Amino acid sequence: MEISEKGSNLIIKNADSFVISQTLECGQCFRFEKLTDENYIIVAMGKLLHIFKNGDETVFENTSKDDFENIWKSYFDFGRDYKTVKDRLSAMDNTLLDAVKYAPGIRILKQDFFECLISFIISQNNRIPMIKKVVANISEKYGKETGEFNGIKYYSFPSIQELSKADEESLMECKAGFRAKYIMDAVKKCGDGMFESKDMSALTTEELRKRLMQINGVGPKVADCVMLFSLSRSDAFPTDVWVKRVMSYFYFDGNDTSLKEIQKMAKERFSGYEGFAQQYLFNYAREFKIGASDKKAGAK
DNA sequence: ATCCAGGCCCGAT
DNA sequence: ATCGGGCATGGA
């Protein structure tokens with residue numbers, strides 16, 4: 001992976017295990033817009049990023065080498081060798097082999113903790129287009145303008161302090177629905193210093209999970225998503241309906257299986273790589289509707 | 001119109 | 001411990 005600067009753009013040549021669409025559209029983040037194929041706008045880390053593919057180059061428009069080193073390298077997890085991750089998973093069983101092959105350009109993002117927490121609180125019992133809309137509404141109302149593209153203004157996700165100004169009513173106006181009160185509790189507990197990054201990094205994944213679940217509206221699924229998508233806890237295994245289905249289908253002979261059993265199985269089988277396995281499997285399951293009542297095919 | 005969505009809370013067993 | 005109903009909202 002060679003990095004260079006061309007004018008005001010930053011260029012990566014032959015990016016390893018990185019397909020923009022696969023990384024963005026696999027359900028881990030909500031603040032992006034597709035312009036054309038492999039050409040996206042991302043709002044993250046207080047920045048507006050136009051990123052696109054041009055032949056064997058991945059272009060970060062108007063991006064300095066400093067911003068890449070300080071922000072995007074970590075955000076896109078470019079410090080990790082995904083070839084090793086994929087090889088290890090692919091060797092575990094044929095299901096994972098197929099799931100990895102299906103989307104070899106997924107990387108697990110390292111998103112901002114607070115944004116990730118609020119976003120996944122909003123995700124519960126909701127659909128992705130609606131989640132994106134609510135997060136965008138909150139950002140426009142409480143965040144700062146980060147830039148403009150094609151005449152459209154974009155707003156960063158608010159900080160804890162900025163969102164502290166919100167009340168339940170205004171969050172309802174942002175279409176958060178019954179989750180508005182959950183957001184209020186999360187903002188309060190973050191503001192009270194319950195989730196300082198220094199303290200969190202001293203906790204085991206299980207301890208951190210319990211602490212996150214002290215927030216009203218945060219259960220095991222949201223807690224695991226936050227740990228995996230913003231805190232690099234790759235031993236977290238977010239288990240939603242799709243993961244439940246794909247795990248039951250392939251590892252429990254099609255039998256409906258409890259959350260506890262599934263997480264136990266994941267820990268044993270995917271040890272150390274649970275989070276990566278989860279994301280490839282989730283993506284695979286959702287695409288082929290594995291285990292869903294209207295299954296598209298026998299998944300292959 | 002009814003059903004359901006990357007769940008979780010809450011009250012009943 | 002585990003189970004089922006209810007929940008704001010909008011698209012199919």
Side-chain angles (χ1 to χ4, degrees), chain A residues 22-32 99 102-103 106 108-109 111 115-138 141 166-189 209-231 233-234 236-249 255-264 266 274-296:
Chain A
Q22 290 176 11
T23 293
L24 294 177
E25 312 256 17
C26 70
Q28 60 177 325
C29 73
F30 304 104
R31 303 224 61 205
F32 63 89
Y102 180 68
I106 291 178
I108 302 285
L109 299 174
Q111 303 175 62
E115 172 175 348
C116 195
L117 172 62
I118 303 300
S119 298
F120 277 94
I121 286 174
I122 293 165
S123 79
Q124 66 189 85
N125 205 53
N126 215 341
R127 294 170 199 238
I128 288 175
M130 192 61 193
I131 301 165
K132 290 175 75 170
K133 207 172 288 179
V134 177
V135 175
N137 289 343
I138 290 175
K141 198 162 190 173
D167 55 22
E168 199 175 323
E169 192 187 347
S170 71
L171 292 170
M172 291 296 279
E173 285 167 15
C174 293
K175 304 301 177 188
F178 65 88
R179 310 158 195 88
K181 57 181 181 292
Y182 300 158
I183 296 172
M184 292 297 291
D185 192 51
V187 172
K188 183 181 186 318
K189 289 192 163 87
R209 191 179 199 235
K210 280 186 185 141
R211 185 172 296 190
L212 285 163
M213 287 173 62
Q214 288 176 27
I215 298 169
N216 188 27
V218 174
K221 156 65 171 59
V222 171
D224 287 346
C225 282
V226 174
M227 291 195 292
L228 179 59
F229 301 137
S230 76
L231 299 172
R233 299 284 179 140
S234 48
F237 191 78
T239 307
D240 72 323
V241 286
W242 289 108
V243 175
K244 243 178 233 167
R245 284 171 190 158
V246 72
M247 290 293 286
S248 302
Y249 188 90
N255 296 313
D256 203 20
T257 310
S258 73
L259 170 68
K260 251 182 115 172
E261 284 296 309
I262 287 174
Q263 299 217 126
K264 187 172 155 230
E274 295 94 323
F276 300 104
Q278 184 274 351
Q279 202 56 19
Y280 293 115
L281 288 171
F282 167 76
N283 189 253
Y284 189 61
R286 200 174 54 149
E287 180 60 28
F288 293 102
K289 301 193 186 313
I290 291 167
S293 48
D294 61 335
K295 50 185 113 165
K296 190 191 278 183

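Order of the sequence lines sets the chain letters (A, B, ...), proteins ahead of strands, with each chain counted from 1. Computed from a predicted structure; not experimentally measured.
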- [ ] Quick one: list whatever passes ring pair (Phe, Tyr, Trp, His ring centres under 6.0 Å) with Y280(A), sequence neighbours left out.
- [x] none
- [ ] Quick one, give me the B/S/- string for nucleotides 1-6 of chain C, reading 5' to 3', where B means a protein heavy atom under 4.0 Å from the base and S means that only happens at the primed atoms, P, OP1 or OP2.
- [x] ------
TODO: Kindly confirm or rule out a cation-pi arrangement of K264(A) over F237(A), judged by NZ or CZ under 6.0 Å from the six-membered ring centre and within 45° of its axis?
DONE: no
Open item on the list: Donor-acceptor check, side chain of R179(A) to backbone of Q124(A), threshold 3.5 angstrom: yes or no?
Closed with: yes
Task: Backbone N/O of F229(A) and side chain of Q28(A): donor-acceptor pair under 3.5 Å - done: no
Open item on the list: According to ring pair (Phe, Tyr, Trp, His ring centres under 6.0 Å), who are the partners of Y102(A), at least two apart in sequence or on a separate chain?
Closed with: F288(A)
- [ ] Give a yes or no on whether the backbone of D256(A) and the side-chain of K244(A) come within a donor-acceptor separation of less than 3.5 Å.
- [x] no
Task: 4.5 Å side-chain heavy-atom contact, E274(A) and D224(A) - done: no
Open item on the list: Give me the distance, rounded to whole Å, that separates dA8(C) from dC10(B) when you measure between the P atoms they each carry.
Closed with: 13 Å
- [ ] Classify the nucleic acid contact of C26(A) as base, sugar-phosphate or nothing, counting any heavy atom under 4.0 Å across all strands shown.
- [x] base
Task: S170(A) and D167(A): side chain donor to acceptor below 3.5 Å - done: yes
- [ ] Could you state the atom-to-atom distance from CZ of R286(A) to C1' of dA5(B) in whole Å?
- [x] 12 Å
TODO: For DNA chain B, determine which residues of residues 211-220 of chain A have any heavy atom closer than 4.0 angstrom to one of its atoms, and list them numerically.
DONE: I215(A), N216(A), G217(A), V218(A), G219(A), P220(A)
Task: Separation between the C1' atoms of dG6(B) and dT2(C), rounded to whole Å - done: 23 Å
Task: Residues that Y182(A) engages under ring pair (Phe, Tyr, Trp, His ring centres under 6.0 Å), provided they are two or more places apart - done: none
Open item on the list: Tell me whether D185(A) contacts the main-chain N or O of N216(A) through its side chain, where contact means a donor paired with an acceptor under 3.5 Å.
Closed with: yes
Open item on the list: If I take atom CG from residue L231(A) and atom CG from residue L212(A), how far apart are they, to the nearest 0.5 angstrom?
Closed with: 7.5 Å
Task: Length of the CZ-P vector between R245(A) and dG6(B), whole Å - done: 9 Å
Open item on the list: In whole Å, I'd like the distance from the CZ atom of R209(A) to the P atom of dG7(B).
Closed with: 15 Å
So which protein N/O to nucleotides 8-12 of chain C N/O distances come out below 3.5 Å?
| unit_1 | atom_1 | unit_2 | atom_2 | d |
| --- | --- | --- | --- | --- |
| dA8(C) | O4' | F178(A) | N | 3.1 |
| dA8(C) | N6 | N125(A) | ND2 | 2.8 |
| dA8(C) | N1 | N125(A) | ND2 | 3.3 |

- [ ] Check the distance between dA5(B)'s C1' and F282(A)'s CZ and give it to me in whole angstrom.
- [x] 11 Å
Open item on the list: Taking any heavy-atom pair under 4.0 Å as a contact, classify V222(A): base, sugar-phosphate, or nothing.
Closed with: sugar-phosphate
Open item on the list: What is the separation between atom CG on D240(A) and atom C1' on dC4(B), rounded to the nearest whole Å?
Closed with: 14 Å
Task: Sugar-phosphate only, base, or nothing, as touched by I131(A) at under 4.0 Å among non-hydrogen atoms - done: nothing
TODO: To the nearest Å, give me how far apart CD (E287(A)) and P (dG6(B)) are.
DONE: 14 Å
Task: Atom pair distance, as rounded to whole Å: CD1 in I106(A) and C1' in dG6(B) - done: 14 Å
Open item on the list: Main chain of A236(A), side chain of Q278(A): is a donor-acceptor contact present, judged purely on distance under 3.5 Å?
Closed with: no
Open item on the list: Using a 5.5 Å cut-off between ring centres and planes within 30 degrees, is W242(A) stacked on the base of dG6(B)?
Closed with: no
